[in-house]
Novice: 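Here you go, one structure.
Every chain is numbered from 1, with letters handed out A, B, ... down the list of sequences.
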Amino acid sequence: MKYDPTSDSLAQEWQAQEHALAQERDSLPVAGEARAQQYRLLARVLREPMEIALPVDFARQVALRALRQQLDGALERQLLRAALWLFGLLALGSLYTQGASWLLRLQAFAPGWSGSSGWLWLLLACLGINWLGGRRHLHTGLP
Amino acid sequence: MNEDRLLVDAVLAGRAGAFERLVAQHQGLCWHILQRLVRHPEDTRELCQETFLRVFQYLHQYRYESALKTWIGRVAYAVGLRHLEKKQVALVDAESAEEHAELLQSEGDGFDLEAAWADEELRQRLHAAIETLPPLPRTVLTLYHLDELSIPDIAQVTGLAVGTIKSHLFRSRLRLREVLQASIGVCP
């Protein structure tokens, strides 16, 4: 049965339900036909408090757990950041010590690339890899 | 709303005891929603905890577009819904249009509200009837009657249209009145 306020009998029934609830909320004296009183009884029963079976210190427990998770997350992020810095430093170190030989190999592979344009291509390749990595993060929804 | 803002700001600023206060203020609503949905106290306890951990994690996304109570209710409802989906529990059941037609025509015979209220057995029967309602109407009834949320607020919590909420309220109360009529018939 769909709620249809245009139907007379349904609208009357809805009004009786709502009226009984309003009267019960305002603790008005009991009066009216049997239907109104029946809905008032239902409103009273539905307003009876439910037993909340949570531990007395539930709020404290959850707050502590949330804080612990936050601290764990922060530590994890800091470790990740430190690892990324270390990785970056190692990469720079490798570039410094091995970069010249890489450039020579690159020039052997593509003789047209020489001098500063070789470094430029290397930089563009790094930027391209970085951009692709960023796109992958966007697609996976990772922060 | 102003109290909400103060509390949320305190939690986001990491003030001692602020989140504990938030949980204490809203754990009743959270319990009502989840217990009405899943009807299993142990699961409800775990889901309440999950709800508040999510609230803590995503509180910075709360934009004050609704009361904090409604926003937390929505998180709890989403957590409960996912639990029911995993367990493949139906939220509503199909009812035929003619099911309550007779009752609509009847205004009922003489009824003594105070005598009925004093009848413990009758009240237990009505509580049992509420428990037999499907999860969604059961939750909507509790939010409306016990937590006194408005229909638009319930629509925000559940993501349902206002008309659908009214329909659930109407049919559930009619069904409970039917149980009441039948109980009066069998009671001495």
Novice: For chain B, find which of A:Gly73, A:Ala43, A:Ala59, A:Ala63 contributes the most heavy-atom pairs closer than 4.5 angstrom.
Specialist: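 Of the options given, most contacts go to A:Ala59.
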Novice: Among B:His26, B:Glu42, B:Gln57, B:Gln27, which has the most heavy-atom pairs under 4.5 Å with chain A?
Specialist: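 Among B:His26, B:Glu42, B:Gln57, B:Gln27, the one with the most close pairs to chain A is B:Gln27.
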Novice: Could you pull out the closest heavy-atom pair between B:Trp31 and A:Ala53, with the gap in Å?
Specialist: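 It is CZ2-N, 3.5 Å.
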Novice: Does any part of the side chain of B:Arg45, heavy atoms only, come nearer than 4.5 Å to the side chain of A:Pro55, both counted from C-beta?
Specialist: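 A side-chain contact under 4.5 Å exists here.
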Novice: Kindly indicate whether the side chain of B:His127, heavy atoms from C-beta on, has any atom under 4.5 Å from the side chain of A:Glu48.
Specialist: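 A side-chain contact under 4.5 Å exists here.
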Novice: With only heavy atoms counted, which part of B:Leu176 is less than 4.5 Å from chain A, the side chain, the backbone, both or neither?
Specialist: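 Both parts, backbone and side chain.
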Novice: Rounded to the nearest 0.5 Å, what separation is found between the CD atom of B:Gln49 and the CG atom of A:Leu54?
Specialist: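 One gets 10.0 Å once the value is rounded to the nearest 0.5 Å.
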Novice: Assess A:Arg25 against B:Tyr144: is NZ or CZ under 6.0 Å from the centre of the six-membered ring, and within 45 degrees of the ring's axis?
Specialist: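 Checked: cation-pi criterion met.
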Novice: If I compare all heavy atoms of B:His145 with all of A:Arg47, which pair ends up nearest, and what's the gap?
Specialist: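 Minimum heavy-atom separation between B:His145 and A:Arg47: O-CG, 3.3 Å.
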Novice: B:Phe52 vs A:Phe58 aromatic rings, parallel, tilted or perpendicular, using cut-offs 30° and 60°?
Specialist: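 Perpendicular, since the angle between the ring planes exceeds 60°.
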Novice: Test A:Gln17 against B:Leu169 for side chain to side chain contact (heavy atoms under 4.5 Å, CB included), laying out the working first.
Specialist: CA-CA 9 Å; A:Gln17 293 178 350; B:Leu169 285 172; 5.5 Å; no
Novice: Hey, does A:Gln69 have a side-chain heavy atom less than 4.5 Å from the side chain of B:Phe56?
Specialist: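 B:Phe56 vs A:Gln69: side chains apart.
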Novice: So, are B:Glu114 and A:Arg44 salt-bridged, with charged N and O less than 4.0 Å apart?
Specialist: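 A salt bridge is present here (some side-chain N lies under 4.0 Å from a carboxylate O).
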Novice: Give, for atom CD of A:Gln38 and atom CD of B:Gln181, the distance between the pair rounded to the nearest 0.5 Å.
Specialist: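 Nearest 0.5 Å value for the CD-CD distance: 4.0 Å.
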Novice: Counting only non-hydrogen atoms closer than 4.5 Å, does A:Leu42 touch chain B with its backbone (N, CA, C, O), its side chain (CB onward), both, or neither?
Specialist: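 When you check distances to chain B, only side chain atoms of A:Leu42 fall under 4.5 Å.
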Novice: Out of curiosity, does A:Trp102 fall in the hydrophobic cluster containing A:Leu92 (side-chain heavy atoms, cut-off under 4.5 Å, transitive links)?
Specialist: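 No; tracing contacts between hydrophobic side chains, which count when under 4.5 Å, never links both residues.
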Novice: To the nearest 0.5 Å, how far apart are CG in A:Leu46 and CG in B:Leu141?
Specialist: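 Rounded to the nearest 0.5 Å, the CG-CG separation comes out at 5.5 Å.
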Novice: Given a strict heavy-atom distance threshold of 4.5 Å, which part of B:Asp112 is in contact with chain A: side chain, backbone, both, or neither?
Specialist: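 The backbone, not the side chain.
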Novice: Between B:Arg21, B:Arg36, B:Gln35, who has the most heavy-atom pairs with chain A when the cutoff is under 4.5 Å?
Specialist: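 Heavy-atom pairs under 4.5 Å are most numerous for B:Arg36.
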Novice: In this structure, are over 12 heavy atoms from other groups packed under 6.0 Å from A:Glu51 atom CD?
Specialist: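 No, not enclosed.
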Novice: Taking every non-hydrogen pair under 4.5 Å, which of A:Leu64, A:Leu67, A:Val62, A:Val45 racks up the most with chain B?
Specialist: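 The option with the most such pairs is A:Val45.
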Novice: Between atom CZ of A:Arg35 and atom CG of B:Leu180, what is the distance when rounded to the nearest 0.5 Å?
Specialist: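 Reported to 0.5 Å precision, the distance equals 13.5 Å.
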Novice: Check each atom of B:Leu22 against the heavy atoms of chain A and say whether the ones under 4.5 Å are side chain, backbone, both or neither.
Specialist: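 It is neither, since no heavy atom gets under 4.5 Å.
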Novice: Do A:Tyr39 and B:Leu174 make a side-chain contact, defined as non-hydrogen atoms from C-beta onward lying under 4.5 Å apart?
Specialist: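 A:Tyr39 vs B:Leu174: side chains touch.
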Novice: Would you say the side-chain atoms of A:Arg60 pair up with the backbone N or O of B:Glu20, donor to acceptor, closer than 3.5 Å?
Specialist: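 No, A:Arg60 side chain to B:Glu20 backbone: no donor-acceptor pair under 3.5 Å.
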Novice: For the residue pair A:Pro49 and B:Leu146, what are the closest heavy atoms and their distance?
Specialist: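 Distance-wise, the nearest heavy atoms are CA-CD1, 4.2 Å.
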Novice: Closer than 4.0 angstrom, basic N to acidic O: yes or no for A:Glu18 and B:Arg173?
Specialist: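 Here A:Glu18 pairs with B:Arg173 in a salt bridge, since their nearest N and O are under 4.0 Å apart.
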